[in-house]
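This structure is a prediction, so every number in the text was calculated from the model and none was measured. Throughout, protein chains are lettered first and strands after them, A, B, ... in sequence-line order, and every chain is numbered starting at 1.
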Amino acid sequence: MTYTLTTPLYYVNDRAHLGSTYTTLACDSIARFRRLQGERVTFITGCDEHGLKIQRSAEASGLTPQAHCDAISGEYSDLWRRWGISNDRFIRTTDPRHRAIVEQFFARVEASGDVIEGRQQGWYCVACEEFKEEAPAAKEPHCSIHLRPLEWRDELNLFFRLSRYQEQIERLVASDDFIAPRSRRREVENFVAGGLRDFSISRLDLPWGIPVPGYDGHTFYVWFDALLGYLSALLGPDDPADLDLLAERGWPAQLHVIGKDILRFHAVYWPAMLLSAGLPLPEKVFGHGFLTREGQKMGKSLGNVLDPDVLLERCGADAVRWYLLRDIPFGDDGDFQQQRFTDLVNNDLANTIGNLLNRTSSMARRWFDGAVPPAGDAAAADHPLALRALACAEAVDAALEALDFRSAAVAILELAEAANGFLNDRAPWKAIKSEDGRPGVAADLYAVLETSRWVALLLAPLLPDLSGRMLGQLAQPELVGDTGWTAARHWGKLACGHPLPEPTPVLQRLELDPPL
RNA sequence: GGCUCGGUAGCUCAGCUGGUUAGAGCGUGGGAUUCAUAACCCCAAGGUCGGGAGUUCAAGUCUCCCCCGAGCCA
């Protein structure tokens, strides 16, 4: 049993923006969490590379479509590498095996009697790659999303008989776990209740796409092709392109994480396509919110786009991950505010968590020969901090299970705060001044060092880099895959007498001057 | 126009099936401390819970109307 999760396959029309980075970071944390828990994970991301919009973008920059796709999808995979994203697969829909999968899938859908020919007339938005419901007589209609003129189309297309799946989709969409967060469910339910209409799955005379077998001049509609990327992505490097293999490779997916704008494709069209092809359905579709910046939509025209490259370069992955995952309820829209960003990173990460380790390690080294002090009764499982750590670990597990990054982050922060408070109460810097205070100081410092170790462990899914640096400062081994996490989560694992390296700040405070 | 989701301290948000003086974090002000990344710890001020009407012994929490924001469908 593997846990399969996906980001959307990003459309290579343009470079990656903060939104796609956000989705990908969130998925990365889920993937890491599952792996740490000992599950086998297949974390899929990739690029969607067909369609008229891409063909035109390529033309505009004087490239062949393939060259354009190679360039942009190269940028994506490079960006994810630099962010430390732990994806297992990176699928491109121009991959030859993907084409084979699409052909097989189509053959199944056709065999189910779900492909019919029909005439598609209407106003088309190239940016959405979608037909709009404008009246045929409309004069110069514009797409309300892209504010661009719509193009009139009148073509003979192939249609997928979505209408046959009305009842099954109604039931699916109403079920408790399928659409998340819950607040997004009603909208989809209403859409389905309005009656599902067949939708076209092919285009005529659009060279940049996968040809439809048996229908000269037809290529697959980008959405049809793109969604199938989740299937082809599961093929291992040496696997043949074979739909029948997918059950062993992790299909169905446990989770599709997407932006709320493409919820309908994933929660309605996609399941129907899968039903038609006789494949099992994904367990959950999570539509997260959008990010604004200082209260405004980000956009090229406003010139306020936050470039993930710049953000990574200037602030580092830990800071950005913490801010996005800790401050924005996953699912809701969020606003990126620079002041709040630096406040949270500096307070939570540098001051509360980083400084906790720094101050404790420094005391231990100074007074106990550069090593972890003897634990005394601090090794007992009922030490107040041990109880706190255990409760925190349970809270983190539950929160991440529920995709509630925020609660997980806050729980960890509270553990660090408890340890800081403990130090202030016990004031080892006073107690050390008398010789008979020494064993107590040793025990207290041990308890806090051990708590720091737990903080580092629990941080691993959210902030893998910071977690690793903290463990390094405690001279702990790196967390390895499956069982490492569970094994490390025992109070008292920190070995007494273990030498401690010289403490250096695990996270620099952010000083954003000039502003982003 | 129909529908969905929001509108709670300066900011970001918690407030379950209605029930003691509406909570947290950040920011602000004050205190304590010196082990530490001018870090940590403690305390305080700050809200007529978007507006109005209603139901109720009792409403941020239910009903209706209106206003504002985001979105879905026309």
Side-chain angles (χ1 to χ4, degrees), chain A residues 128 130 132-135 138 141 144-145 179 181-197 259-265 267-268 287-292 294-297 322-324 326-368 373 404 406-407 409-411 413-414 416-433 441 444-445 448-449 452 466 469-470 473 502-511:
Chain A
C128 299
E130 224 183 343
K132 298 289 167 176
E133 307 288 338
E134 301 290 331
S144 57
I145 299 167
I179 295 176
R182 211 180 203 129
S183 51
R184 298 245 140 79
R185 199 164 89 193
R186 188 63 60 83
E187 210 154 80
V188 180
E189 282 183 287
N190 290 348
F191 172 77
V192 176
L196 294 176
R197 284 186 290 178
K260 61 181 182 179
D261 55 330
I262 53 175
L263 186 55
R264 215 166 75 212
F265 284 100
V268 179
H288 68 71
F290 288 154
L291 297 176
T292 51
E294 313 292 346
Q296 284 194 303
K297 246 181 201 170
W322 181 254
Y323 178 57
L324 295 178
R326 125 108 230 230
D327 202 39
I328 299 168
F330 195 50
D332 291 7
D333 288 342
D335 189 35
F336 190 100
Q337 298 178 341
Q338 178 163 312
Q339 186 63 53
R340 187 161 173 81
F341 171 48
T342 54
D343 282 347
L344 284 184
V345 168
N346 290 345
N347 280 309
D348 299 348
L349 259 28
N351 298 350
T352 303
I353 290 175
N355 182 51
L356 171 70
L357 175 58
N358 201 261
R359 66 193 299 212
T360 316
S361 172
S362 143
M363 286 185 276
R365 277 170 52 88
R366 181 172 312 166
W367 302 324
F368 296 91
D404 182 357
R406 198 181 198 219
S407 300
V410 168
L413 195 59
E414 283 170 352
E417 280 164 3
N420 273 317
F422 178 81
L423 274 182
N424 274 65
D425 290 345
R426 309 289 298 178
W429 47 90
K430 279 184 192 158
I432 196 66
K433 287 175 181 159
V441 170
D444 290 345
L445 292 183
V448 177
L449 283 171
S452 299
L466 178 63
R469 286 197 297 279
M470 290 181 72
Q473 294 257 311
E502 183 171 351
T504 55
V506 286
L507 191 118
Q508 282 307 332
R509 294 171 58 85
L510 279 180
E511 311 284 352

Round to the nearest Å and state the distance from A/D261 atom CG to B/G71 atom C1'.
-> 11 Å

With sequence neighbours excluded, what pairs up with A/R469 under the salt bridge (Lys or Arg N to Asp or Glu O under 4.0 Å) test?
-> A/D318

Below 4.0 angstrom from OP1 or OP2 of B/G27, is there any side-chain N or O of A/N347?
-> yes

Does the B/G27 base have a donor-acceptor partner in the side chain of A/Q339 within less than 3.5 Å?
-> no

Tabulate atom names and distances for all N/O pairs under 3.5 angstrom spanning the protein and nucleotides 5-12 of chain B.
unit_1	atom_1	unit_2	atom_2	d
B/C11	O2'	A/Q337	OE1	3.3

Name all residues meeting the side chain to side chain contact (heavy atoms under 4.5 Å, CB included) criterion together with A/A409; count only those two or more places apart in sequence or in a different chain, and write none if there are none.
-> A/W322, A/R326, A/L462

Partners passing side chain to side chain contact (heavy atoms under 4.5 Å, CB included) against A/I328 (at least two apart in sequence or in another chain) | A/Y22, A/L291, A/L324

Give a yes/no answer on whether the side chain of A/R509 brings an N or O atom under 4.0 Å of OP1 or OP2 in B/A39.
-> yes

Residues which pass side chain to side chain donor-acceptor pair (under 3.5 Å) with A/N347, listed by chain and number, not counting sequence neighbours = none

List for me each residue that meets side chain to side chain contact (heavy atoms under 4.5 Å, CB included) alongside A/S362, sequence neighbours excluded, and say none if there are none.
-> A/R366, A/P503

May I have all residue pairs that pass salt bridge (charged side-chain N to carboxylate O under 4.0 Å, His left out) and include part of residues 417-433 of chain A, sequence neighbours excluded?
-> A/R426-A/D444

Qualifying residues under ring-ring contact (aromatic ring centres under 6.0 Å, His included), relative to A/F422, sequence neighbours excluded | A/H383

Contacts of A/S183 that satisfy side chain to side chain donor-acceptor pair (under 3.5 Å) - sequence neighbours left out | none

Side chain of A/N424, base of B/C40: donor and acceptor closer than 3.5 Å?
-> yes

Polar atom pairs between nucleotides 43-47 of chain B and protein, under 3.5 Å, N or O only, would you list them?
none

What side chain to side chain donor-acceptor pair (under 3.5 Å) pairs are there with at least one residue in residues 184-195 of chain A, not counting sequence neighbours?
-> A/D176-A/R185

OP1 or OP2 of B/G25 under 4.0 Å from side-chain N/O of A/R326 = no

Donor-acceptor pair present, A/N358 side chain and B/A36 base, under 3.5 Å = no

Anything below 3.5 Å on both distances counts as a pair; with that, list the stems of at least three consecutive Watson-Crick or G-U pairs involving RNA chain B.
-> B:1-7 with B:67-73, B:10-13 with B:23-26, B:28-31 with B:41-44, B:50-54 with B:62-66

